[in-house]
*Asks:* 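Input: one structure, supplied below.
No hydrogens, no waters, no symmetry mates; every other heavy atom, side chains included, goes into these values.
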Amino acid sequence: EVGMGTAVNLDRAVAQYRLAAEKGLAQGSYKLAVMYFSGHGLPKDLAKGLEAMTKAADSGHPRALNDLAMIRLRGLFGVKQDGAEAMKRLLAAADVGSLDAMQNLIVVYAEGLAGQEKDPIKAYKWYLVCRRAGLPEHMLPQAGGVTTGLDDAGRKNAEKEAENWIAAWEKQQAAGK
């Protein structure tokens with residue numbers, strides 16, 4: 001697609017992505033979705049893009065899960081807003097290590113989006129998970145303000161939730177899942 005070491009050949013890229021998608025490889029479906037949404041290499045087709053993105057997300061592709069969640073959260077591409085579906089996808093994306101999803105969860109809980117009540121404890125939990133993953137504070141949404149309104153008990157609760165989530169995630173990774 002980008003022609004690293006060779007000339008750009010979008011027809012060949014599309015053919016390879018289709019083959020990968022047909023073999024059940026989520027990255028192939030994800031790349032096709034991006035091409036359908038953008039009209040780069042394929043005619044713009046939002047329905048086919050959404051179908052390919054959903055297939056990739058259903059296969060556990062981290063970026064597809066996050067992107068589909070944001071499509072559902074914001075009602076993009078003519079898709080009806082669906083906060084419950086957005087949350088399901090965001091949490092699934094976080095569970096497979098999507099830092100983008102973790103950052104989006106900070107905003108969801110800090111601002112009370114996707115049908116969620118504002119929850120500074122959960123917002124701070126995801127902030128701590130992102131910091132533990134190595135993201136610098138300036139790259140995080142709500143940087144510096146995520147603890148506004150949290151008392152010491154709330155901070156400790158968020159810290160415990162973050163540590164528990166990280167421990168469970170590390171255990172899952174060690175088990176190869």
*Asks:* Side-chain heavy atoms nearer than 4.5 Å, only ILVMFWY residues, links allowed to pass through others: does that put W169 and Y109 together?
*Replies:* yes

*Asks:* Indicate yes or no: at least one non-hydrogen side-chain atom of M70 is less than 4.5 angstrom from one of L90.
*Replies:* yes

*Asks:* By the definition salt bridge (Lys or Arg N to Asp or Glu O under 4.0 Å), identify the one residue from D95, D100, D67, D58 that meets it with R89.
*Replies:*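 The single option meeting the salt bridge (Lys or Arg N to Asp or Glu O under 4.0 Å) with R89 is D58.
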
*Asks:* Does a side-chain heavy-atom distance below 4.5 Å link H61 with K55?
*Replies:* no

*Asks:* Identify the heavy atoms of G41 and L10 that sit nearest to each other, and give their distance.
*Replies:* CA-CD1, 3.8 Å

*Asks:* Answer yes or no: does atom CH2 of W165 have more than 12 heavy-atom neighbours from other residues, nucleotides or ligands under 6.0 Å?
*Replies:* yes

*Asks:* Give, for atom CD1 of I71 and atom CG of N66, the distance between the pair rounded to the nearest 0.5 Å.
*Replies:* 9.5 Å

*Asks:* Examine M35 and L19 and state if one hydrophobic cluster contains both, with Ile, Leu, Val, Met, Phe, Trp and Tyr joined whenever side-chain heavy atoms are less than 4.5 Å apart.
*Replies:*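 M35 does not cluster with L19.
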
*Asks:* Would you say L99 ends up clustered with V107 if hydrophobic residues are merged whenever their side chains have heavy atoms under 4.5 Å apart, either directly or through other cluster members?
*Replies:* yes

*Asks:* Over all heavy atoms of both residues, which pair between A33 and G49 is shortest? Give the atoms and the distance, please.
*Replies:*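 In this case the closest contact between A33 and G49 is CB-O, 3.4 Å.
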
*Asks:* Show the nearest heavy-atom pair for residues A93 and A101, with the distance to one decimal.
*Replies:* CB-CB, 3.4 Å

*Asks:* Are W126 and V108 close enough that some pair of their side-chain heavy atoms sits under 4.5 Å apart?
*Replies:*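 Heavy-atom side-chain distance check fails, nothing below 4.5 Å.
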
*Asks:* Does the distance from a Lys or Arg side-chain N to an Asp or Glu carboxylate O, for D151 and K156, drop under 4.0 Å?
*Replies:*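 Judged by the 4.0 Å cut-off on N to carboxylate O distance, D151 and K156 do not form a salt bridge.
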
*Asks:* Report the distance from atom CD of Q81 to atom CG of L113, rounding to the nearest 0.5 Å.
*Replies:* 9.5 Å

*Asks:* If you compare all heavy atoms of G154 against all heavy atoms of I121, which two are closest, and at what distance to 0.1 Å?
*Replies:* O-CG1, 3.8 Å

*Asks:* Side chains of F37 and L76: closer than 4.5 Å at any heavy-atom pair?
*Replies:*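 Sidechains of L76 and F37: no contact.
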
*Asks:* So do L42 and R18 actually touch side chain to side chain, heavy atoms under 4.5 Å?
*Replies:*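 Yes. Closest side-chain heavy atoms under 4.5 Å.
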
*Asks:* Determine whether L91 and Y124 fall in the same hydrophobic cluster, where Ile, Leu, Val, Met, Phe, Trp and Tyr are linked whenever their side-chain heavy atoms lie under 4.5 Å apart.
*Replies:* yes

*Asks:* Would you mind reporting whether C130 and I106 have side-chain heavy atoms less than 4.5 Å apart?
*Replies:*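 In short, these two side chains touch, coming nearer than 4.5 Å.
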
*Asks:* Specify the closest pair of heavy atoms between L32 and A21, including all atoms of both residues, with the distance to one decimal.
*Replies:*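 Heavy atoms only, the tightest pair is CD1-CB, 4.0 Å.
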
*Asks:* Are any of the side-chain heavy atoms of Y30 and M53 separated by less than 4.5 Å?
*Replies:*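 Side-chain contact under 4.5 Å: yes.
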
*Asks:* Does E85 have more than 12 heavy atoms from other residues, nucleotides or ligands lying within 6.0 Å of its CD?
*Replies:* yes

*Asks:* Check I166 against R132 and note the closest heavy-atom contact, atom names and distance.
*Replies:*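 Nearest heavy atoms, I166 then R132: CD1-CG, 3.5 Å.
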
*Asks:* Would the number of heavy atoms belonging to other residues, nucleotides or ligands and lying under 6.0 Å from CD of E170 be above 12?
*Replies:*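 Enclosed: over 12 neighbouring heavy atoms sit under 6.0 Å from CD of E170.
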
*Asks:* Between M102 and L128, is there shared hydrophobic-cluster membership here, with clusters defined by ILVMFWY side-chain heavy atoms closer than 4.5 Å?
*Replies:* yes

*Asks:* Heavy-atom distance under 4.5 Å between the side chains of V79 and R72, does that happen here?
*Replies:*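 Of all side-chain heavy-atom pairs linking R72 with V79, at least one is under 4.5 Å.
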
*Asks:* Looking at R131, I want to see if its CZ is surrounded by more than 12 non-hydrogen atoms of other residues, nucleotides or ligands under 6.0 Å.
*Replies:* yes

*Asks:* Would you find more than 12 non-hydrogen atoms of other residues, nucleotides or ligands less than 6.0 Å from R63 atom CZ?
*Replies:*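 It does not: R63 CZ has 12 such atoms or fewer within range.
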
*Asks:* Go through the steps to decide whether L105 and M87 satisfy the test side chain to side chain contact (heavy atoms under 4.5 Å, CB included), and finish with yes or no.
*Replies:* CA-CA 8 Å; L105 285 165; M87 284 304 296; 3.8 Å; yes

